[in-house]
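Worksheet: the structure to be examined is printed underneath.
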Amino acid sequence: MIILYIMLEPRNHIKVFVSSTVYDFESHLDYIYSTLDGYGYDVMMSHKGTIPLDSKLSNLENCLKGVENCDVFLGFIRPLLGTGVLDRNQKSITEQEFDVALRVNMPRFVMADYRVVFARQFLKMMQIPIQDVPYSFNQTTQDGKETVKPNRVVHAASLEMYDIAIQSNILPATARVGNWVQSYKNLQDIALHIEAQFKDAEQIKKLLDRHE
Amino acid sequence: MNNIAPSFVDTLLNQKPGSVHLTRFTEYDADRVLQMVCAYLNHEGGWIIVDTDSLFADVQGKIAELQSKTALLIRPLPLVYIHEEYDNGHPVILLTVMKGGLPPYSYKSKYYIEKSNKIIAPGKDDINLLLRQTFPVSTWELSTHLLAEWEDLDESLMQSVLEKGWEKGRVDRSCKSPEELLGNLNLKDITYIKNGAVALFAHDISHLLPQCKLRIQVMLGGKSSESFQDVYFLEDNLFALSQKVHDYFLNRLPMVSSFSKEEWDSSNQHVYPLDVVDEAVTNALIHRDFSSVVDEVLINIYSDRMEIVNPGEMPKDIVKKKSIILPHISTPRNPLMAEIFYVGDKMEKTGRGMKLIHDRMKELNRRLPEWESKKGYTQLTLFRSIRITKLNPRATQFIDALNVGDRFTKKEYMNYWHYELSEATAKNDLAQMVDQGVLIKEGNGPSTSYVVLAKN
């Protein structure tokens, strides 16, 4: 008979909201969910359908309410905004989730794709404002035709999220608090950071006490 | 002496304890089985046998259920081959689980590991250990190709692979597009296309991955011959290469005729069985080392044999004396590319390729194929000739009196003769028969027995 031994951590009932775009990130999100769940956290992640839903609210409202009702925020700044952009003139769902986390001032952990970090540093060096990063650009194909291609390198809004997260507008730099953003290149980088920050639930509880 | 020919499962079960990673479920419980699959994926892979006594006639239904649940509930998409096999004539379900290419794996969003045949849902310390111990197997296929863009990939080919995966239950239909499939396997990261995706699907491969090439050389005069009867050079993505090679051999391999007195009928078959050639070429293409841009897969055709040479040496301890395939879990050099080939039905019996080639040639009474690894290459030789075994008269007489599948011990062999046969002589005879591929030795020490594999 094959026996299942359960050595899971006891549930600590700390709610962690994971905010991220999903495109080409699904396997990473699966991993993040399984690891946090294995550590005993209650993981709120729209990709997994674990955000409590109210049928009287829109998708956006449900997500934002989910952030408000969580204890800890884990956000990923990725190069593209994904499909959660409801209106070009409006912030995406991920951006608004980040805004709520900042407003509520819950303990937050932010990781940024290395391409966002590099692009921000490059633009700064070249003194190119973020607003000048286009949504799309013209390209001439091999047969001489002009086409419009969407920007699929890095969105301006992602760079703005990064700027806000590192609090680049607050000077002097020594006045910045809670502005640590961990750059990642691959799953192993994410794994190390999540392990370091979340493996000890008592540490997270102390953070919650300080944020009350 | 038993009369049932040993199946693959029989062979597995008769291996030295601890030499193969194997779990047996005496009852069908899909959850437990898939938890164990997940645990194996997070370790070195292995085999899982599920007895079917409780399933009556629904074995195929249960196989389909396990297949679809694997595709839906295990993340990331794993490489698991599930099919019906036989243990002493009774049907069982055999799952061949290869070590995952993108660890760690989860089942229903939970991790599982295995220790001493127990499934463990790990606590945080074991999770941390799992994270540290599990890193991607292959780096080449996951490295970003600096020049490739999505438009460089053949979208209709990718779509057909995905549809084949849906049809075979190897990919869940919630994976709706080729972009999603490649993204889930980390072969694509937004605009970054990885080497594995390029090798499998690129339109114009020559400027992107010059090493994706294959050469067929026909040298009927042998290696020392100064002229080639034919040279055929192919350069394309791996799916297209596989098909082009198949078409080449389909159209050009000579046929041989054989006449059966029992059936009073003649049959035509290719001098090298096409299914064997397909399997051998697929293995060479997928398992080769792509890191060198100048290397290629080479097929040399001589008058008496065919050599298929690919860059990269095969793991040690899976082939003994060039022809004997030891039960082993395949550890593909490029597991994610192997997975896409499996999804697209280009690798049917994942993890069993070498054994299939070996068994098929034996079934056709051909000289057994030989594998050799040296100087950074692996060479598979398929022989055209009928197998000739050289046994001493005593061994020949003994084998002639038996049937394929009969089992006996050394003592039974010694007692067979009406004269006294020394133990040393018996040992030599048995060793000779094993060496010639006529017998296979099973077990150790006092429990050692021999099974007839072929008549002389």
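In the text below, chain A, chain B and the rest are named by the order of the sequence lines, each starting its count at 1. These numbers come from the heavy atoms of this one structure, side chains and all, not from hydrogens, waters or symmetry mates.
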Examine whether an atom of B:E180 lies under 4.5 Å from a heavy atom of chain A, and if so say whether it belongs to the side chain, the backbone or both; otherwise answer neither.
-> side chain
Who wins among B:I190, B:I127, B:N184 for the most heavy-atom pairs under 4.5 Å with chain A?
-> B:I190
B:Y111 vs A:D37, side chain to side chain contact (heavy atoms under 4.5 Å, CB included): CA-CA, chis, key distance, verdict | CA-CA 10 Å; B:Y111 295 130; A:D37 180 79; over 6 Å; no
What distance do B:L77 atom CG and B:C175 atom SG have between them, rounded to the nearest 0.5 Å?
-> 8.0 Å
NZ or CZ of A:R78 within 45° of A:Y23 ring axis and under 6.0 Å = no
More than 12 foreign heavy atoms under 6.0 Å from CE of A:M126: is that the case here?
-> no
Can you say whether B:D29 sits under 4.5 Å from chain A via the side chain, the backbone, both, or neither, judging by heavy atoms?
-> neither
By a 4.5 Å heavy-atom criterion (distance strictly below it), what part of B:Y112 contacts chain A: side chain, backbone, both, or neither?
-> side chain
